[in-house]
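Each remark here refers to the structure printed beneath this line.
Just follow the structure's listing: the first ligand is 1, and inside any ligand the first atom is 1.
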Amino acid sequence: MAPALPSPPPLFTSTSQQDQPSSSSSPEQFSPPSSILIVGSGIFGLSTAWALARRDAFTQCTITVVDRCDPSNPDAFPAPDAASVDTSRIVRADYADKAYAALGAEAQVQWRKQAQPTDLGAEGRYHESGLLLVADSGPVRVPGEIVAKSDMTGMDYVRLSWANVLSLASDNPELASSIRELPDVAAIRERLGTGGSSGSWGYINEGSGWADAAASTKWLFDRVNEAGRVTFVSGTVSSLEHRGPTVTGAKLTDGRVLSAELVVLAAGAWTGGLVDLSGQATATGQVLGYLDLTEAEQEQLNDMPVVLNLTNGLFIIPPRNRVLKVARHAYGYLNPTLPETARLPSTSSPADQPISYPLTQLSDPSLSIPQEGVDDLRRALKQMVPLPGLVDRPFSKTRLCWYSDTPTGDFLITYHPQYKGLFVATGDSGHGFKFMPVLGEKIADCIMHNCPLEFVGKWSWKPDANVVITEDGSRGGKPGLLLANELGRTN
Ligand SMILES: Cc1cc2nc3c(=O)[nH]c(=O)nc-3n(C[C@H](O)[C@H](O)[C@H](O)COP(=O)(O)OP(=O)(O)OC[C@H]3O[C@@H](n4cnc5c(N)ncnc54)[C@H](O)[C@@H]3O)c2cc1C
Ligand SMILES: *[C@@H]1O[C@H](CO)[C@@H](O)[C@H](O)[C@H]1NC(C)=O
């Protein structure tokens, strides 16, 4: 249990000022800590370690990464239930939001590198299959009408995304020609090539694709190791150590204490178990399923693009090695729990209140996905890949995967507003993976009080919202489903 504080920690005006865009927040004025402890070796934590290890400012600073799994043990890494692993993740610049679209384009430059075996995109880590974005027509909009993020429909998202990728490609004719409008059902059906589809409007971006998540995370781990600056520790953090309002390190479940001048919390959907994130981010469970294909089916689907339906959040990644993956980018399931880890005392919510917290097959091997989710994944297959015999074929594997969801879908990459020596890098909102090659650099900039201007407001600690429901125009399903209820229905 977290020790009680004699009085609520005071607000540190200096840290909130650090998030403001001002000329005074230049990297020169940053004085690096002597030690940094990063909690979590998903792509947020690992990419941060990689960036810090390469920066001159940190040559005198020890960098340690701790994770529940053992990153230095090839058999135990990556953590099998972390968000940063499994067969595939969509890599796109196709965003309704300009800042993320530009960051996605920056990352794509790295993903496309595959001349050398050590290049990120080589050895099958990246596949430029094309990405088909579709949605059903929503309310009629006046041209140029500005729609609040929270009112955005799937169609609004697709249209804005289309405009953004076209604008990003405006000085590159080759890229521009790889983006084509698909104005009707017939055009969508033709490019999809699976015999499926009925969305009313969309476009194809042949310059987007998907990455092998496990292999890419392994690639990142190898780069971090190569830098020779980072110590990996295997262990579960049970609580953060603090002296009053100053965080001094982390305590592990086996009693060890790792001290550090700066702790970077990058524990993905588990982060809320170590620090109060109420109003900032919440863990939501997302469903995915895998289907085994025959050789003939694999061949038939070889050239299909990634397809993402922004009306219902359902997406399908082209099959490889005769495995097809279907998933849903939804509001997700909430799982109110009292975690075994203890969170830092906070002024806004008592530490003994349940929070939504991941439940995975690692802690509960019998865990399956709710019937509601299975039904929706089947609907995706029926709409998008209606091959005979496929729709009713049992999934060879299903998985619940956990997002750290914020109200706007923006990441949470900022110093903690109350605790000194604590930086938070999470709130991935289900779309962080593609940024792997560039994210750590941005996080390191933020650590050095030099957050990219276009992300200053987006990534900062927000005024408290009571409930976190992600309204970024990209989610399907129903908000607020409780995992326990949904699982109960399957019995
Ligand atoms: C089903 C699914 C589909 C997705 N699809 C896409 C996509 O198509 N494109 C895309 O760009 N993004 C996608 N994402 C999002 C992307 O995968 C995530 O944004 C990203 O992987 C989050 O990384 P992370 O480092 O924050 O979290 P994680 O990878 O979950 O890492 C957190 C780490 O912290 C460790 N940890 C937790 N608690 C503790 C503790 N107490 N002590 C020690 N260690 C701890 C865990 O073991 C884990 O290794 C998807 C996510 C999911 C779940
Ligand atoms: C997208 O989802 C909507 C709503 O479920 C559906 O009407 C439409 O046909 C889907 N489009 C494709 C291409 O599957």
Side-chain angles (χ1 to χ4, degrees), residues 38-48 65-69 71 77-86 88-92 100 104 107 131-136 154 182 185 188-189 192 194 196-200 202 210-211 213 217 233-240 250 252-253 265-274 283-288 306-317 325 327-330 332 339-341 357-358 360 362 376 379-380 382-386 399-404 411-412 425-436 439 476:
I38 299 171
V39 181
S41 69
I43 57 132
F44 275 65
L46 267 185
S47 70
T48 304
V65 175
V66 59
D67 200 289
R68 297 180 298 150
C69 76
F77 177 77
D81 62 346
S84 302
V85 294
D86 92 16
S88 47
R89 292 284 178 267
I90 304 175
V91 174
R92 59 177 165 116
Y100 291 101
L131 167 68
L132 177 64
L133 277 191
V134 293
D136 279 0
L182 301 174
V185 180
I188 294 172
R189 187 182 298 266
L192 191 51
T194 61
S197 130
S198 48
S200 55
W210 60 276
T217 305
V233 174
S234 169
T236 300
V237 174
S238 55
S239 64
L240 295 181
L252 309 189
T253 45
L265 266 189
W270 292 265
T271 308
L274 295 171
T284 67
Q286 309 286 336
V287 291
L288 52 143
V306 175
V307 47
L308 169 55
N309 185 336
L310 267 314
T311 295
N312 54 22
L314 290 161
F315 65 96
I316 297 190
I317 305 226
K325 175 172 145 181
R328 185 180 63 181
H329 186 58
E340 282 168 15
T341 56
Y357 197 71
T360 73
L362 208 63
D376 232 14
R379 255 191 292 278
K382 209 165 169 176
Q383 283 171 350
M384 303 195 248
V385 194
R399 185 181 166 201
L400 263 185
C401 177
W402 293 83
Y403 294 173
S404 167
F411 304 153
L412 184 65
T426 187
D428 74 283
S429 302
H431 66 100
F433 194 86
K434 65 186 68 63
F435 304 115
M436 187 193 100
L439 183 63

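Inclusion of F433 in the set of residues having an N or O under 3.5 Å from an N or O of ligand 1 is warranted. For ligand 1, the polar-atom distance check against I90 finds a nitrogen or oxygen pair separated by under 3.5 Å.
At least one heavy atom of A266 sits closer than 4.0 Å to an atom of ligand 1. At least one heavy atom of G430 sits closer than 4.0 Å to an atom of ligand 1. Within the structure, the closest approach of S404 to ligand 1 does not fall below 4.0 Å when heavy atoms are considered.
For ligand 1 and D428, the ligand atoms under 4.0 Å from any heavy atom of the residue are 15 (C), 18 (C), 19 (O), 22 (C). If you number the atoms of ligand 1 from 1 as listed, the ones under 4.0 Å from a heavy atom of A82 come out as 28 (P), 29 (O), 30 (O), 48 (C), 49 (O). Numbered from 1 in the order shown, with element, the atoms of ligand 2 that lie under 4.0 Å from a heavy atom of M384 read 14 (O). Of all atoms in ligand 1, listed by their number and element, those nearer than 4.0 Å to a heavy atom of L288 are 1 (C). Below 4.0 Å from some heavy atom of V134 lie the following atoms of ligand 2, by number and element: 13 (C).
Between atom 48 (C) of ligand 1 and the options T284, D67, T360, the minimum heavy-atom separation is to D67. Selection from Y357, W270, Y403, F44 by nearest heavy atom to atom 37 (C) of ligand 1 gives W270.
The nearest heavy-atom contact from the protein to atom 11 (N) of ligand 2 is N309 ND2, 2.8 Å.
Under the 30°/60° scheme for interplanar angles, the aromatic rings of F411 and F435 are found to stand perpendicular.
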